[in-house]
Number of protein chains: 2
Amino acid sequence: MAGKVEARKAALREKLVEAAEIRIARDGAGALRARDLAQDAGCALGAIYNAYDDLTAIIMAVNGRTFQHLGAAVEASVADADHEPPTQRLILMSNAYLRFAAENTNLWRALFDLQMTAEGPVPDWYLQALEGLFANIARPVAELFPGKGAEETGLMVRALFSSVHGIVLLGLERRISGVPPEQIETMIAQVLGQIGPG
Amino acid sequence: MAGKVEARKAALREKLVEAAEIRIARDGAGALRARDLAQDAGCALGAIYNAYDDLTAIIMAVNGRTFQHLGAAVEASVADADHEPPTQRLILMSNAYLRFAAENTNLWRALFDLQMTAEGPVPDWYLQALEGLFANIARPVAELFPGKGAEETGLMVRALFSSVHGIVLLGLERRISGVPPEQIETMIAQVLGQIGPG
DNA sequence: TCAGTATTTTGAACGTGGTTCAAATTGAAG
DNA sequence: CTTCAATTTGAACCACGTTCAAAATACTGA
């Protein structure tokens with residue numbers, strides 16, 4: 001019975017991220033409360049701190065899942081779009097990004113909100129998840145700018161991702177943008193439609 | 001001596017925003033503490049709540065100033081650039097935006113961080129300040145796309161602002177972007193340089 | 001099986017921080 | 001100077017993340 005405690009610990013970790021995911025999705029990461037989480041997971045308040053260092057670590061665990069889902073959604077959007085021109089593939093991915101953000105706003109926000117708050121270095125898997133996203137963008141961009149070097153292409157990839165991210169971010173903040181959600185796609189197309197050589 | 005209390009109250013409000021501005025600029029809006037603020041302003045803890053509804057209201061007051069400074073910086077960047085082509089003017093404004101954000105990161109972040117947190121409606125002057133920024137962008141955009149209607153131009157203005165905002169936001173988050181600050185200008189130019197008719 | 005030891009779980013308690021409010025202080029009026 | 005209203009004060013309240021000594025549980029050897 002050596003793995004019994006291990007298994008119980010793992011089960012608790014699992015229950016905690018699941019409960020946290022539900023709460024973050026519903027109320028946002030800022031509304032996550034240790035006491036609520038303990039209740040949801042059916043454990044003692046202190047047990048949370050046996051499973052994770054602190055609440056931030058749990059949010060990070062949720063972010064890990066969210067990144068997976070986000071990455072899958074973006075990749076699926078161009079899974080069978082090889083025949084489409086590169087600009088169109090960029091637009092497809094961006095719309096998938098928008099859709100994911102719109103349907104999972106709080107979880108998606110947690111992905112980027114956390115960075116601002118926490119001081120320490122971003123975990124490695126975080127950066128790698130981002131690189132994964134960038135890799136998908138890099139393919140159409142490389143097709144669009146065959147002449148450019150890797151350096152400049154890499155910057156362009158980040159610039160385009162950041163642009164779409166900004167459009168989605170402010171666009172979903174209805175109170176600021178005043179733009180109805182269905183217009184966000186138009187804005188993305190307006191910007192990405194311009195991208196191309198010469 | 002009718003206006004005496006009024007004046008004292010106004011003076012306290014002033015001291016509070018000034019102290020808050022200094023603290024937010026140094027440590028970020030999230031690190032603002034009521035007790036520190038009271039000490040800085042030389043008033044009792046409770047006095048804060050005579051002058052303002054809550055800490056959020058003080059941050060909003062600071063944001064009001066920040067918006068003024070930001071608007072002034074952006075306008076100044078194209079003050080005597082009428083002879084420049086529209087794309088160049090967009091780049092000038094964007095670089096001014098970047099520069100302001102880089103030099104006043106915490107104050108600039110507070111401008112957008114707060115929205116996420118607070119639930120209530122955004123105050124009117126907030127939206128008007130944004131409209132003021134948009135108006136500056138609208139001029140070059142209208143020159144670039146003389147054929148487009150007001151509707152589409154308005155969307156494009158928001159799309160471009162959001163794009164630059166996104167590039168600056170993620171670019172300054174060094175831990176995420178991994179891009180050195182001086183490259184952010186390059187990314188802005190990469191995207192804005194593409195904008196133009198047909 | 002059981003006593004003894006190690007490990008895990010528990011939740012009361014601590015520290016921090018925003019906000020409140022009864023009491024003290026200050027200012028206005030007679 | 002006295003009285004009354006308004007303002008100012010800071011101790012106290014509550015919510016929350018986190019800790020840690022004690023209780024519960026699991027493991028080991030006889």
Side-chain angles (χ1 to χ4, degrees), chain A residues 1-17 19-24 26-63 106 110 113-114 116-120, chain B residues 1-17 19-24 26-63 106 110 113-114 116-120:
Chain A
M1 312 283 164
K4 217 44 173 301
V5 266
E6 283 296 312
R8 255 154 74 73
K9 193 159 189 160
L12 179 57
R13 285 174 68 93
E14 181 66 14
K15 262 203 299 213
L16 282 170
V17 268
E21 186 173 73
I22 291 170
R23 284 207 173 261
I24 292 175
R26 183 163 16 135
D27 309 322
L32 192 65
R33 301 283 169 259
R35 284 164 178 81
D36 294 340
L37 214 47
Q39 193 117 59
D40 291 356
C43 71
L45 180 55
I48 292 175
Y49 298 91
N50 298 333
Y52 288 96
D53 276 358
D54 49 26
L55 282 196
T56 302
I58 298 185
I59 298 179
M60 281 303 240
V62 172
N63 282 348
N106 284 331
D113 274 13
L114 195 58
M116 321 293 182
T117 314
E119 279 306 300
Chain B
M1 312 283 162
K4 219 39 173 306
V5 265
E6 283 296 311
R8 253 155 75 73
K9 191 158 191 162
L12 178 57
R13 285 174 67 92
E14 181 68 13
K15 262 203 297 213
L16 282 171
V17 268
E21 185 172 74
I22 291 170
R23 285 206 173 262
I24 292 175
R26 182 160 18 130
D27 309 322
L32 193 64
R33 300 282 169 259
R35 284 163 179 82
D36 294 341
L37 213 48
Q39 193 117 57
D40 291 356
C43 71
L45 179 56
I48 292 175
Y49 297 90
N50 299 333
Y52 288 95
D53 275 358
D54 49 28
L55 282 196
T56 302
I58 299 184
I59 299 180
M60 281 304 243
V62 172
N63 282 348
N106 284 331
D113 273 13
L114 195 57
M116 321 294 181
T117 315
E119 277 307 298

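Any value given below was found using the heavy atoms of this structure, including those in side chains, with hydrogens, waters and symmetry copies removed.
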message = Classify B/I58 by what it touches in the nucleic acid, base, sugar-phosphate, or nothing, heavy-atom distance under 4.0 Å.
response = nothing
Looking only at the side chain of [X] (C-beta and beyond, no hydrogens), which of the listed nucleotides [options] gets closest?
X: B/C43; options: D/dT9, C/dT19, C/dT10; answer: D/dT9
X: A/L45; options: D/dT18, C/dT19, C/dT9; answer: D/dT18
X: B/Y49; options: C/dG18, C/dA12, D/dG17; answer: C/dG18

Nearest heavy-atom pair of [X] and [Y]: which atoms, and what distance?
X: B/K9; Y: B/N50; result: CE-O, 3.4 Å
X: B/A29; Y: B/I24; result: N-CG2, 3.8 Å
X: B/A41; Y: B/L12; result: CB-CD1, 4.5 Å

For [X] and [N], give me the distance from atom [atom1] to atom [atom2], rounded to whole Å.
X: B/R35; N: C/dG18; atom1: CZ; atom2: P; answer: 7 Å
X: A/D54; N: D/dC16; atom1: CG; atom2: P; answer: 17 Å
X: A/L12; N: C/dT7; atom1: CG; atom2: C1'; answer: 16 Å
X: A/R23; N: D/dG17; atom1: CZ; atom2: P; answer: 11 Å
X: A/R13; N: C/dT9; atom1: CZ; atom2: P; answer: 13 Å
X: B/D53; N: C/dT19; atom1: CG; atom2: P; answer: 10 Å
X: A/I48; N: C/dT9; atom1: CD1; atom2: P; answer: 13 Å
X: B/Q39; N: D/dG10; atom1: CD; atom2: C1'; answer: 13 Å

message = Between the base of C/dG18 and the side chain of B/R33, is there a donor and acceptor pair under 3.5 angstrom?
response = no
key: Residue whose nearest DNA chain C nucleotide is more 5′ - A/N50 or B/L32   = A/N50
key: Contact nearer the 5' end of DNA chain D, comparing A/L55 with B/G46   = B/G46
task = Could you tell me whether the side chain of A/R26 reaches within less than 4.5 Å of the side chain of A/N106, counting heavy atoms only?
result = no
remark   = CG of B/L37 to CG of B/L55, rounded to nearest 0.5 Å, is 6.5 Å
